[in-house]
Structures are given as structure tokens and as C-alpha cells.
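Structure, as C-alpha cells:
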There are 2 protein chains.
Amino acid sequence: MFTFSEENYLKTIYHLSEHSEKGVSTNAIAKKIETKASSVTDMIKKLAEKEVLVYKKYQGVTLTKKGKKTAAMIVRKHRLWEVFLVEKLNFNWDEVHDVAEQLEHIKSQKLIDEMDALLGFPTVDPHGDLIPDKEGNLHPTKNRLLSSLEKNESGICTGVDDSSSAFLQFLDKQGIALGKQITVIEKEPFDDSITIKIDDREMAISKKIATNLYLKTDDHL
Amino acid sequence: MFTFSEENYLKTIYHLSEHSEKGVSTNAIAKKIETKASSVTDMIKKLAEKEVLVYKKYQGVTLTKKGKKTAAMIVRKHRLWEVFLVEKLNFNWDEVHDVAEQLEHIKSQKLIDEMDALLGFPTVDPHGDLIPDKEGNLHPTKNRLLSSLEKNESGICTGVDDSSSAFLQFLDKQGIALGKQITVIEKEPFDDSITIKIDDREMAISKKIATNLYLKTDDHL
DNA sequence: AAATATTTTTAGGGTTGTCTAAAAATTATT
DNA sequence: AATAATTTTTAGACAACCCTAAAAATATTT
Ligand SMILES: [Mn+2]
Ligand SMILES: [Mn+2]
Ligand SMILES: [Mn+2]
Ligand SMILES: [Mn+2]
């Protein structure tokens, strides 16, 4: 079990590790956490003791596997709470962060699992940041046109290019909505039409539609 | 702003004050909070300093108006979170307390207001305890049979006496469900039937139904 | 009213997490 | 390579909150 302060350090180091390969410097941590370098040194010694990071004097720190997972779970909680606040409690995306900073420290596995389910297992938060899965892994997604998917690939409908109401109404009539899973069953080179499966129904989609519909796909890196 | 620890002391003293008129003793607080009497003395000195309670050496403590309201808001949050966990996240009523102990310390007025609205402004928690209102006041309610209400009184449907599935199905068909507000429009002495308003519809209710349906009413003591 | 038992406070100390100031190590500049 | 600048660590201290042991006040018995 970690204290709020320990969790904040872990999360910060996790974020700082994302965009650089080397160890994270004491000063970088101090800046992000708005504390003094000497306080950081104290804390990273304690965290090294707890084996969530590796620390060599003057060389910065690197998270261990355990540390990475612990940090990812805090980020997961933070982002799930942000989704909750926006989706269920009418918060704007720009007013959720401070509350999520508090909520991310609540300890209850059931709470976070149920929240995940209530929200429909979201993969991105209101700022577009990826939500780590239960194992702490990120699943990078790209928004791709339906027309760019190969046979047997699938994805979740995320948006449209042409947002004319005629097009949106057409999608609605076909039962194609944001969040629905679509699998490519067949691609027809003759007219570039595509057969898809949605809600266990199969249907043919014209080239025009397929080049206007965005899906997010799990690329698993 | 109060620390978690200060909030826990305030909440404990608030609860201990409910069932006795005199000042709350150091030992009583220590017992509830599972700490030592000497620690309690330290803390109540600090809280007296902050003017949330009155402390006279060896005489126990009494909450000030400010202290009472602060404590009531913590209890309000605790109980609203308990309702949320049961109603929205499939918790059982006996597994919500520990998580609520954590969640009650989250600071965000909007969070608690929106939560209140999402839950339909509940007045009791899953254990049947009253939820203080936004001003920190309690509104004692009694469960009363619909047949006992006077003309123009209203209440929220809380349960049934006869729980046979025939009766429940009848209620369902009439659109009478737990949580719905019912107002008595007219009482007919001739056959003891009652005209009620529910969801802006008026309907006649027979004596048999009216003596099997419990409502909770605001008695405002 | 004394003596005894209980409650409460004080005195002194420990841990966590923070700070400032000074020393040590590393990095950049000349 | 020597010097200067920067980063990092150490040393010592402080506030919040908790503890144990002893002293003081209050309550209960005799
Ligand atoms: Mn955020
Ligand atoms: Mn975010
Ligand atoms: Mn509770
Ligand atoms: Mn409760």
C-alpha cells in the first residue's frame, strides 16, 4: 500500500518516463510535483527501498515493473474518474482534473471495476488520453477510415468525416452509431464496397460511406 | 479547509453529540476513532483554535455552529456516496462503508451537487440513515401507509406491506415504483379510496392498495 | 472527608513529508 | 585540463499526527 504522496511521485515519474528513454532526473520530478529537489531525493530513496524504482545516486530513477504497474493503475483510475465526471456528472472536460487528482487515490478494486463497466469500458479519457487496461498496458489506437481496414479487422466507430445531417441520418437508419463495433467481413475490389458485421448483422457498405466513417482500432503497438 | 484527520474527528464528535446533550468526552472520541486519549487532547486543542468546537479542560467538547455544519457536510457526502455505490455500482449495502470513509473526504462542491441530482436527491442511505441536506439539516421521515396521509400531503414510495408478486405486478402496471413521488389529491370517505397524483397523472387507488403501500414523508419536525 | 479509581492532560518522543542551507558530484565553458 | 555553472545530495529543522509514561484533575467509594 502506498501513501498519497508516494502515489503522486510514482505517477509523475511514470509520465516523465513516457517521453524519454533515460532515467528521470531529480529536478524534473521536483518541478512537476512543485516541491524541492531535496524532498525528491528523500522520497526516491524510500521508493527504491520499496522496490518500485531503481535509484543510483546522481543518475536519476527508472521505474521497475512493479512501479510501472502501480503507476499505471493510478493513471487508469484518474482517467476513468475523468470520464465518469464528464459522462455522468455533467462536468466539462476542462474542470475534471483537480477532482480526479483526489479520486485517483481511492482504494477499492470493486469500485474501479464497476466504474469501468458503468462507463462501458472506455479506452480514452475526455482529453483524448489513453486509459491503461487492468494490467496497466496502453492500447494505442488510431482513427482510421473504414475503407482502410483489411478483411477481418475490426474497430469501434468514433466519428465521421462528412457530418451532414443527411449522412448522419443514413447512419442512424442503418444502426451505425458511435461506439458500435464493426468488423470487415469482405472487401469487394470491383466497386470498393465492403461487407461489414455490426450487432451480428451483416451489411454492405458503399465506397462513399466507407471513406467517411472513422473507426478506432487496437493496434497493440 | 480541514485535513482528513480533522474531518474524521469532527464527524465522530458530531455522531457522539447526537445521542447525548452534554459535551463529548475525550475517552469517547478516543474509543470511536481508535486512538489514544492524549492524541485526542492534541487534536481538540487544534480544532478549538479553528473555532469548530468549544473546549474547556476536563469538560469535554461541544461543536460550534460552524463545526456542526462542517461535520454534517462530511456525513452528507458519506451517505450520498453509499447510495451511489449501491444504486449505480452494484455494491451491497454491507460493503459500502469502507469506501465511503475514503470518498467522504473528496473536496468538490460540484461533485456532490451533481451526485445528489444523479441519485434523485435521496434522503436516506442504504442503511436507512438520514442524509443531511445542503444546509446540514436532517429531515426526519417516517414510513407511513398511503392510507394514513391527509389530502395534499405527499411522499416518496419506499416499500410495500404485501409483497406478493401479484401486488407488485399491479403496482408496476400502474406505474407506481419505489422512489416515485405520490401526492394525495382527494380522499373519498364513501369507500376509503384515494385519488393520487403520480408523474403528473391522477389516478384512483382502492383502500386495499392504499393500506399496503408505504411512503416516506418529510415531517420537518 | 479521605482514600481510591478513573479520566484527562502534559511531557517527551517517533514518523512522514516538507523545507533551507551547505557540501558534493556532475556537466558545461573557457 | 582547469574553472565555472548546474544538479543532486546531505545535514539539520519543522509541522502534523500519533505514541507511552507520568502528573493532575475529577469522580466514586468507603
Ligand atoms: Mn487529468
Ligand atoms: Mn485527462
Ligand atoms: Mn457508512
Ligand atoms: Mn450508512
Side-chain angles (χ1 to χ4, degrees), chain A residues 1-14 16-17 19-63 67 70-71 74 101-102 104-105 107, chain B residues 1-14 16-17 19-63 67 70-71 74 101-102 104-105 107:
Chain A
M1 229 12 89
F2 296 91
T3 65
F4 280 27
S5 193
E6 288 170 338
E7 290 192 345
N8 283 332
Y9 274 90
L10 281 174
K11 189 183 55 157
T12 300
I13 296 165
Y14 176 83
L16 290 171
S17 302
H19 295 295
S20 81
E21 302 304 302
K22 307 164 190 169
V24 178
S25 77
T26 302
N27 261 5
I29 299 168
K31 194 166 192 176
K32 262 273 167 110
I33 254 170
E34 293 183 286
T35 185
K36 294 296 144 87
S38 55
S39 304
V40 174
T41 303
D42 282 351
M43 181 57 91
I44 62 187
K45 279 178 182 169
K46 186 157 54 124
L47 291 174
E49 201 67 33
K50 291 196 172 188
E51 299 184 320
V52 284
L53 53 77
V54 177
Y55 166 54
K56 289 194 73 175
K57 274 189 190 177
Y58 296 98
Q59 302 312 133
V61 296
T62 324
L63 291 178
T70 306
I74 302 163
E101 283 295 296
Q102 301 177 59
E104 71 189 3
H105 301 293
K107 272 108 183 158
Chain B
M1 232 8 90
F2 296 93
T3 66
F4 280 27
S5 194
E6 289 170 339
E7 289 192 345
N8 283 332
Y9 274 89
L10 281 175
K11 189 182 53 156
T12 299
I13 296 164
Y14 175 83
L16 290 170
S17 302
H19 295 296
S20 83
E21 303 305 303
K22 307 165 191 171
V24 178
S25 77
T26 302
N27 261 6
I29 299 169
K31 193 168 194 175
K32 261 273 167 108
I33 253 169
E34 293 184 285
T35 186
K36 295 296 146 89
S38 55
S39 304
V40 173
T41 304
D42 282 352
M43 181 59 91
I44 60 187
K45 278 178 183 170
K46 186 158 52 125
L47 291 173
E49 200 68 32
K50 291 196 173 189
E51 299 185 319
V52 284
L53 53 78
V54 177
Y55 166 55
K56 287 193 75 175
K57 273 190 192 179
Y58 297 98
Q59 303 310 134
V61 297
T62 324
L63 291 179
T70 306
I74 301 163
E101 283 293 299
Q102 301 178 58
E104 72 189 2
H105 301 293
K107 272 110 185 156

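In what follows, every chain begins at residue 1, and chains take the letters A, B, ... in the order their sequences are listed. Note that the structure is predicted; figures quoted are calculated from it, not measured.
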Taking atom C1' of dT15(C) as reference, at what distance in whole Å does atom NZ of K36(B) sit? 16 Å
Regarding S39(A), tell me which of base, sugar-phosphate or nothing describes its non-hydrogen contacts under 4.0 Å with the strands shown. base
Residue-phosphate contact under 4.0 Å: S5(A) side-chain N/O, dT18(C) OP1/OP2: yes
Value in whole Å for how far the C1' atom of dC19(D) lies from CD1 of I33(B): 15 Å
Who passes side-chain hydrogen bond (donor to acceptor under 3.5 Å, both in side chains) against K107(A), sequence neighbours left out? E7(A)
Spacing of E34(A) atom CD relative to dT18(C) atom C1', expressed in whole Å: 14 Å
d(CE, M43(B); P, dT8(C)) in whole Å: 18 Å
Rounded to whole angstroms, how far apart are NZ on K22(B) and P on dT26(D)? 16 Å
Contacts of type side-chain hydrogen bond (donor to acceptor under 3.5 Å, both in side chains), residue E104(A), not counting sequence neighbours: K11(A), H78(A)
Salt bridge (charged side-chain N to carboxylate O under 4.0 Å, His left out): pairs with one or both residues in residues 50-59 of chain B, sequence neighbours excluded: E6(B)-K50(B)
List, with names and distances, any nitrogen or oxygen atoms from the protein found under 3.5 Å away from nitrogen or oxygen atoms belonging to nucleotides 9-12 of chain C.
residue	atom	partner	partner atom	Å
dT9(C)	OP1	Y55(B)	OH	2.5
dT9(C)	OP1	Y58(B)	N	3.1
dT9(C)	OP2	T26(B)	OG1	3.0
dT9(C)	OP2	T41(B)	OG1	2.9
dT9(C)	O5'	Y55(B)	OH	3.4
dT10(C)	OP1	K57(B)	NZ	2.6
dT10(C)	OP2	K45(B)	NZ	2.5

So F4(A), base contact, sugar-phosphate only, or nothing? Heavy-atom distance under 4.0 Å. nothing
Atom CG of L47(B) to atom P of dA16(D): distance rounded to whole Å? 12 Å
For F4(B), check ring pair (Phe, Tyr, Trp, His ring centres under 6.0 Å) against everything at least two apart and list the hits. F4(A), H105(B)
Look up atom OH in Y14(A) and atom CD1 in I74(A), then write down how far apart they are to the nearest 0.5 Å. 10.5 Å
Could you tell me how far apart I29(B) (CD1) and dT8(C) (P) are, to the nearest whole angstrom? 9 Å
Rounding to an integer number of Å, can you tell me how far N8(B) CG sits from dA16(D) P? 17 Å
Verify the contact: side-chain N or O of N27(B) to OP1 or OP2 of dT6(C), cut-off strictly under 4.0 Å; return yes or no. no
Would you mind writing out the side-chain donor-acceptor pairs for residues 22-42 of chain B within the sub-3.5 Å range, not counting sequence neighbours?
residue	atom	partner	partner atom	Å
S25(B)	OG	A28(B)	N	3.1
T41(B)	OG1	A37(B)	O	3.2

